[in-house]
Amino acid sequence: MLKQSISTAAVASPTVMDEASLIRAAQQGDQDAFATLVHSYDQNVLRIAMNLLRSPEEAKDVYQEAFLRVYRNLDSFRFDCSFPTWLYRIVTNICLDHLRKRKVRREECAVAESAGGEYNLLEAVEEHRADNNPQRKLLTGELRTRIDRALSDLTPRERMVFELRHFQGLRLRAIGESLGTTEEAAKNCLFRATQKMRAALGDYA
Amino acid sequence: MSCDEIRDLLVLYAYGELTFDQEESVDAHLAVCEACKLEQAALAELHAAADDQAVAPSLELLSACRQELRAQVAVMAKVSTSEPFWRRWFSGGTWVAKPAMTMGLLAAGFFGARLVPVTNVAAPVARNVRFIEPASDGQVRIVYDEVSQKEIAGRVDDRMVREMLLSATRSPNDPGLRVDSVEYLKTRCEREEVRKAFVRALVSDPNEGVRLKALEALKPYAGEMEVRSALTKVLLADQSATVRTQSIDLLVNTRRNESELAGVLQDMMRREENSYIRQRGRTVLQAMNASLETF
Ligand SMILES: [Zn+2]
């Protein structure tokens, strides 16, 4: 259900002015065209950032960084790939940077963090989830903790591929393109990510 | 193929990323191997658990991001001299200097005392509203598609502005836009067409944030029949526990007819699974001395 709504949103494109015309207009400085372009994709961008980073503040930073980069570099967009591929390349690069920085931080202060703010955020997020899914059988706290930990133990690249394939419903070929690699490499990433999570789940599943 | 080989394929099988031949092999194997079938079920369990961990950004966050981006782009555009359009967009009044005909621009109420009465312009029929944002002097700026994109600025009291906002509440692709339009319209909730739009959004908008916004906007009118029946519908059928919670609170706090409310709550208790909402219903029913035995 989740994947469905995301992929429909991803392909929803402007109906009146086609995307190529919008991009050309934006390249010539038409800010309304730029805003329309942004609004066609920004919900997905924010969703990716939020789901990967679990922090509204960081998701907001990713959003700004990504679209400002698009704005600054739109001139150099030459239509040699699709606009979403180009955009996702920018977004995934920024998200990967954030994930890598976070990984370093986490390793530096693993002790401090387990007592600190991040857990409060996770709790808030969990409450939100429980609220929204009353029908779904609620996961036990233990299982949740395991999944959260397994997700955050993935390498940034594995986490990104899992996000794009599992949550955003992108095909592996498109993911490879966005990450500047092959479909085969994306496939291997997804495979490793799933195996790691499966192992972390152990006898729970 | 051996079980180990099949298990390696199961991961991609779940995502439909295998070749035709590989998928055939997996299908054939799963039909006869109980152990691999169990492994497949475990994987499905893992996926469901991961789905449960997914978080969606709020529409408020989306709105805040859009506004900040606009502000930042405005700063960048000011620095650059080669982009007069950006300046027109962001620096208040200068954009009207562009001839209205070539811009496809409709300025309603923009010239203050000398404003062209909005009613003189043909009211727009259903249009595709792209976005809404605050303009100077308490006005609202709406960008919408016709043959090309045009814009209009005016007060919510202006008929045309209001009609555009009303049509934006039904904008199919952009929940952020629907939330913004409800926000602008909610000060005009005394108008029947506005309440009708909110009731429709509350009952049938696919986005939880929009439904919550509509519910909030309808609060002052929770005593009205049509609003109450919408709230009841939502309490019994909405997928979001947050929406149902808000709905039960509002119905209870504004009740006039106890027996009607008791009936609704009893219906609710039969299907509700959320413990907070059940507890709330039980408390109210007990307070009303309604029979708890009927469910
Ligand atoms: Zn087997």
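Only heavy atoms go into these numbers, but all of them, side chains included; no hydrogens, no water, no symmetry mates. Lettering follows sequence order; numbering is per chain, from 1.
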Q | Separation between CG of B:Leu69 and NZ of A:Lys60, rounded to the nearest 0.5 Å | A | 11.5 Å

Q) Judged by atom type as modelled, is there a donor-acceptor pair below 3.5 Å linking the side chain of B:Glu17 to the main-chain atoms of A:Leu172? A) yes

Q. Would one find more than 12 heavy atoms of other residues, nucleotides or ligands at under 6.0 Å from atom CZ of A:Arg173?
A. no

**Q.** Residue among B:Pro206, B:Pro175, B:Ser58 with most heavy-atom pairs under 4.5 Å to chain A
**A.** B:Pro175

Q | Distance, nearest 0.5 Å, that separates CD of A:Gln43 from CG of B:Leu59 | A | 7.5 Å

(Q) So which atom in A:Arg171 and which in B:Tyr15 form the shortest heavy-atom distance, rounded to 0.1 Å? (A) NH1-O, 3.9 Å

Q) Does any heavy atom of chain B fall under 4.5 Å from the side chain of A:Val45, the backbone, both, or neither of them? A) neither

Q.
Measuring only between side-chain heavy atoms, which start at C-beta, is B:Gln72 closer than 4.5 Å to A:Leu68?
A. yes

(Q) Does atom NZ (B:Lys233) have a neighbourhood of more than 12 heavy atoms from anything else shown, all under 6.0 Å? (A) no

Q.
For A:Arg157, is the CZ atom crowded, meaning more than 12 foreign heavy atoms sit under 6.0 Å from it?
A. no

Q) Could you name the residues of residues 182-191 of chain A that have a heavy atom within less than 4.5 Å of a heavy atom in chain B? A) A:Glu183, A:Lys187, A:Leu190, A:Phe191

Q | B:Leu12 and A:Thr194: CA distance, side-chain angles, deciding distance, side-chain contact (heavy atoms from CB on, under 4.5 Å) verdict | A | CA-CA 10 Å; B:Leu12 296 172; A:Thr194 312; over 6 Å; no

Q: Determine whether B:Arg66 and A:Val38 make a side-chain contact, defined as any pair of heavy atoms from C-beta on separated by less than 4.5 Å.
A: no

Q: Check B:Ala50 against A:His166 and note the closest heavy-atom contact, atom names and distance.
A: CB-NE2, 4.1 Å

(Q) At a heavy-atom distance under 4.5 Å, which candidate from B:Leu61, B:Val243, B:Asp174 has the highest pair count against chain A? (A) B:Leu61

Q) Do B:Cys65 and A:Asp42 have side-chain heavy atoms sitting under 4.5 Å apart? A) no

Q. Which atom names give the shortest non-hydrogen contact between B:Ala54 and A:Phe167, and what distance separates them?
A. CB-CE2, 3.6 Å

(Q) If I measure from the heavy atoms of chain B, does A:Glu163 come under 4.5 Å with its side chain, its backbone, both, or neither? (A) neither

Q. Are B:Glu39 and A:Arg198 side-chain neighbours, meaning at least one heavy-atom pair lies under 4.5 Å?
A. yes

Q. Side chain, backbone, both or neither: which part of A:Tyr63 has an atom under 4.5 Å from a heavy atom of chain B?
A. side chain

